Participant: 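Mind looking over this structure? Questions follow.
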Amino acid sequence: MVKAIRGFNDILPGESGLWRWFESEAQRVFETYGFAEIRLPVVEKTELFIRGIGDTTDIVSKEMYTFPDRKGESLTLRPEGTASAVRAYVEHKQYTSPLTKVYYSGPMFRYERPQKGRQRQFYQIGAEVLGDASPAADAETIAMLMDFFKAVGVEGTLYINSLGCSSCRPVYKIELLRFLGVHTDELCKNCTKRIEENPLRALDCKSPKCREATTEAPSIIDHLCLDCNKHFDDVIDLLNLMKIKYHTDHRMVRGLDYYTRTTFEVKAEGLGAQDTIAAGGRYDKLVSELNGPDTPCVGFALGMERLAIVYNSNEDANKPAPLDEPLIYVITLGKAARKAGMEIIKGLREDGRRVEADLMGESVKKSMKRADKLGAAYALLLGDNELEEGKITIKDMKAAEQTNVPLDKISTWLAERASKKA
RNA sequence: GUGGGCGUAGCUCAAUGGUAGAGCACCUGACUGUGACUCAGGAUGCUGGGGGUUCAAUUCCCCUCGCCCACCCCA
C-alpha cells in the first residue's frame, strides 16, 4: 500500500468543513479590517528565504525542502508566507500605493520531526500590513487576530514584547552578551553555542537551568531607544483602549531574523508543548532587505491544525452555521420511475435544493436507511403506483408522515413546508 | 538530529509461549414499497514488515518501517 509521506496528512471529508469554516471566518473578519486576499506560490527561489528569514535560523539551516529544478535552479517549498508576500509586494511595486493589507492561507512546509501540533505540511492563515509604521497598525493587527479567535470561539492568551530596532538592539545585545559571558557555565550547552549567533534566544530557552541563569539578565525593554520605547508604549495604550488583554513577556524572542520592535504570540491550552497558535510582529527592514523601498510592516500567521486541536477540545467553541438547505433523498423503483426521477432531481437541483438519490436501484428499505444516515429531511418515493397517478410520495423523515403530491407541485409543496416551519 | 512509548478487524481496544476476541461500524433477515428502536444471524485479520530463539511466537530477542509524545524548533 502506498501511504502518504511522514508529516503529510490528509484532511478527510469529516474534518475539511471545519477548515473551510476557519478560512471563511478569517476572510470575513479580515475583510472588515480592509484586508484583501493574496494567493502566493508554494514554491519560491531558495534565495528568497535565505535572504528573508536569515541563513542562520533553524528554519533555513535545517528545515527547508530545497531541491534543484530541471535546470538546476535551487527551489524551496515555502516554510512560511511573509517572505513571499513581501516578494510579491516588491515585484509588483505595490508600494506605489500608500498602504497594502493582504491575507493568505495555505500549506507551508518544514522538515521537522512530527509531533502534536506539528507536521511537515501544515496550514497557516496569515496577514500582513505593508507600509504603516504606526503603533496603531500593530494594535489593529493584533485586534484583528483576537477578533478572529473570538469568531471561532477559541480562547487564546496574548503575549507581547518589543525587540527594538537596528539602533537599540545591538546595544542591548552587547549588554546581554556581557551578562551571559559571566554566566556561561550556568547555561545549557545549546545556549552556550547560541551565544554567538543569536544570544537573545538564550532568554526563551526552556531549560530550567537557563531560566534560572537568566532571571537577572538585562531586559530588552529597559534598553529600547526613545522611539522604540514610545512605539511600544503606544501599542500598549491602544490595546488597553480596545480592552484587549495581554501579558508582556520580555523573554519572548523570535526565531526569524526579520522581526523588529513589536512581537506577539497567542498561546492556548490543550496543545502540549506546541502551544503557540499564532505569532507575529513588526518587520521594518524586510522589504528593503529584499530590494524594495524602506517599508515598515506588521503581520502574523496562525497555525490551522493547532487551531483545530484547540477548537475540538473546547466545548464552548462556536459552531459553523449548519447547512440550512434541507436534504432531499429521492428513491425510485423500476426503470420508468428512475427515468422520471432523473428529471425531477434535475429540476429540484436547478431550484437550488440539496438532493441526493438512490441511483443504484437498491431496496426501499436500504434507501430509507441511507436517507436517514444522511440526515435527509424528506424522502421522495417514486414507483409504479405513483407514476400511474402522476404523483410522488413525500415522506417527512422527522415527523414520519407521508403524503402524495402531484409531480409538478413538488417544489411548491416543499416551499410551503419550509415557510410553515420558519 | 536525540530520547521514550506504541503498532492486533474499517474504528476503539482486549488476550495468551499452543496459529485471536469484544464494543461500535458494516451486511443479511424478522418487515417481498418505508429509516430511527428491538431481535436473530453474518463477514472481516499475512496480530506493520524481516530475521532469530523455540516442538510451537501475536506473545520473548534483534533489525526495519510507521505512528504518537517529548527534546530541539516553531504556527
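Every chain is numbered from 1 and lettered A, B, ... according to where its sequence line falls, protein lines coming before strand lines. Just so we're clear, the structure is a prediction, and the values are computed from it rather than from any experiment.
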Participant: Report yes or no: is the cationic atom of Arg120(A) (NZ for Lys, CZ for Arg) closer than 6.0 Å to the six-membered ring centre of Tyr111(A), at no more than 45° off its axis?
Facilitator: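 Relative to the ring axis of Tyr111(A), which defines the angle, Arg120(A) lies inside both limits.
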
Participant: For Tyr311(A) and Asn318(A), test the side chains for any donor-to-acceptor distance below 3.5 angstrom and give the result as yes or no.
Facilitator: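 No, no side-chain donor-acceptor pair sits under 3.5 Å.
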
Participant: Mind checking if Ala371(A) touches a base, just sugar-phosphate, or nothing, with heavy atoms under 4.0 Å?
Facilitator: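 Result for Ala371(A) = nothing.
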
Participant: Tell me which residues in residues 53-63 of chain A lie within less than 4.0 Å of RNA chain B, going by non-hydrogen atoms.
Facilitator: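 Hits under 4.0 Å, by residue number: Asp58(A), Glu63(A).
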
Participant: Sequence neighbours excluded, which residues qualify as ring-ring contact (aromatic ring centres under 6.0 Å, His included) partners of Phe49(A)?
Facilitator: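 Partners of Phe49(A) under the ring-ring contact (aromatic ring centres under 6.0 Å, His included) test: none.
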
Participant: Taking atom C1' of G1(B) as reference, at what distance in whole Å does atom CZ of Arg118(A) sit?
Facilitator: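 Checked: the CZ to C1' distance equals 11 Å.
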
Participant: Please tabulate the protein-to-nucleotide N/O contacts below 3.5 Å involving nucleotides 25-36 of chain B, giving atom names and distances.
Facilitator:
| residue | atom | partner | partner atom | Å |
| --- | --- | --- | --- | --- |
| C26(B) | OP1 | Lys373(A) | NZ | 2.1 |
| U28(B) | OP1 | Lys366(A) | NZ | 3.1 |
| G33(B) | O6 | Asn385(A) | N | 3.1 |
| G33(B) | O6 | Asn385(A) | OD1 | 3.0 |
| G33(B) | O6 | Asn385(A) | ND2 | 2.7 |
| G33(B) | N1 | Glu386(A) | OE1 | 2.9 |
| G33(B) | N1 | Glu386(A) | OE2 | 3.2 |
| G33(B) | N2 | Glu386(A) | OE2 | 2.5 |
| U34(B) | O2 | Lys395(A) | NZ | 2.9 |
| U34(B) | O2 | Gln402(A) | OE1 | 3.3 |
| U34(B) | N3 | Gln402(A) | OE1 | 2.9 |
| U34(B) | N3 | Gln402(A) | NE2 | 3.3 |
| U34(B) | O4 | Gln402(A) | NE2 | 3.0 |
| G35(B) | O2' | Asp372(A) | OD2 | 3.1 |
| G35(B) | N7 | Lys395(A) | NZ | 3.1 |
| G35(B) | O6 | Met397(A) | O | 3.4 |
| G35(B) | N1 | Met397(A) | O | 2.4 |
| G35(B) | N2 | Asp372(A) | OD1 | 3.0 |
| G35(B) | N2 | Met397(A) | O | 3.2 |
| G35(B) | N3 | Asp372(A) | OD1 | 3.3 |
| A36(B) | O4' | Asp372(A) | OD2 | 3.2 |

Participant: Taking side chain to side chain contact (heavy atoms under 4.5 Å, CB included) as the definition, give me every residue that meets it alongside Ser105(A), ordered by chain and number, with sequence neighbours left out.
Facilitator: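 Testing Ser105(A) for side chain to side chain contact (heavy atoms under 4.5 Å, CB included), a comparison that skips the adjacent residues, returns Glu23(A), Ile125(A).
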
Participant: Would you give a per-nucleotide map of nucleotides 6-12 of chain B, 5' to 3', where B means the base has a protein non-hydrogen atom under 4.0 Å away, S means only the sugar-phosphate does, and - means neither?
Facilitator: -------

Participant: Mapping Ile277(A) and Ile5(A) to their closest nucleotides on RNA chain B, which lands nearer the 5' end?
Facilitator: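 Looking at RNA chain B, the more 5' nearest nucleotide goes with Ile5(A).
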
Participant: With a non-hydrogen cut-off below 4.0 angstrom, is Gly272(A) in contact with a base, only sugar-phosphate, or nothing?
Facilitator: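 Answer is sugar-phosphate: Gly272(A) comes under 4.0 Å of backbone atoms only.
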
Participant: When the distance from CZ of Phe22(A) to P of A75(B) is rounded to whole Å, what number comes out?
Facilitator: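 Atom-to-atom, Phe22(A) to A75(B), this comes out as 19 Å.
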
Participant: For RNA chain B, which ranges pair as stems of 3 or more consecutive Watson-Crick or G-U pairs, with both donor-acceptor distances under 3.5 Å?
Facilitator: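 If one scans RNA chain B for consecutive Watson-Crick or G-U pairs, the stems found are B:1-7 with B:65-71, B:10-13 with B:21-24, B:26-30 with B:38-42, B:48-52 with B:60-64.
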
Participant: Would you say the rings of Tyr103(A) and Phe35(A) are close, in the sense that their centroids are separated by under 6.0 Å?
Facilitator: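 Not under 6.0 Å, so no.
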
Participant: Would you mind checking if Asp358(A) and Arg370(A) are paired as a salt bridge, meaning a charged N to carboxylate O distance below 4.0 Å?
Facilitator: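 Judged by the 4.0 Å cut-off on N to carboxylate O distance, Arg370(A) and Asp358(A) do not form a salt bridge.
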
Participant: Hey, does the side-chain of Arg6(A) have a donor or acceptor N/O within less than 3.5 Å of a partner on the base of C65(B)?
Facilitator: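 A donor-acceptor contact between them is absent.
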
Participant: Can you check side-chain contact (heavy atoms from CB on, under 4.5 Å) on Leu145(A) and Leu302(A), steps first, answer last?
Facilitator: CA-CA 9 Å; Leu145(A) 177 61; Leu302(A) 66 98; 3.8 Å; yes

Participant: Side chain of Gln115(A), base of C72(B): donor and acceptor closer than 3.5 Å?
Facilitator: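 Answer yes: a donor N or O sits under 3.5 Å from an acceptor.
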
Participant: Taking for each residue the nucleotide of RNA chain B with the nearest heavy atom, is it Asn9(A) or Tyr259(A) whose nucleotide lies nearer the 5' end?
Facilitator: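 Result: Asn9(A).
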
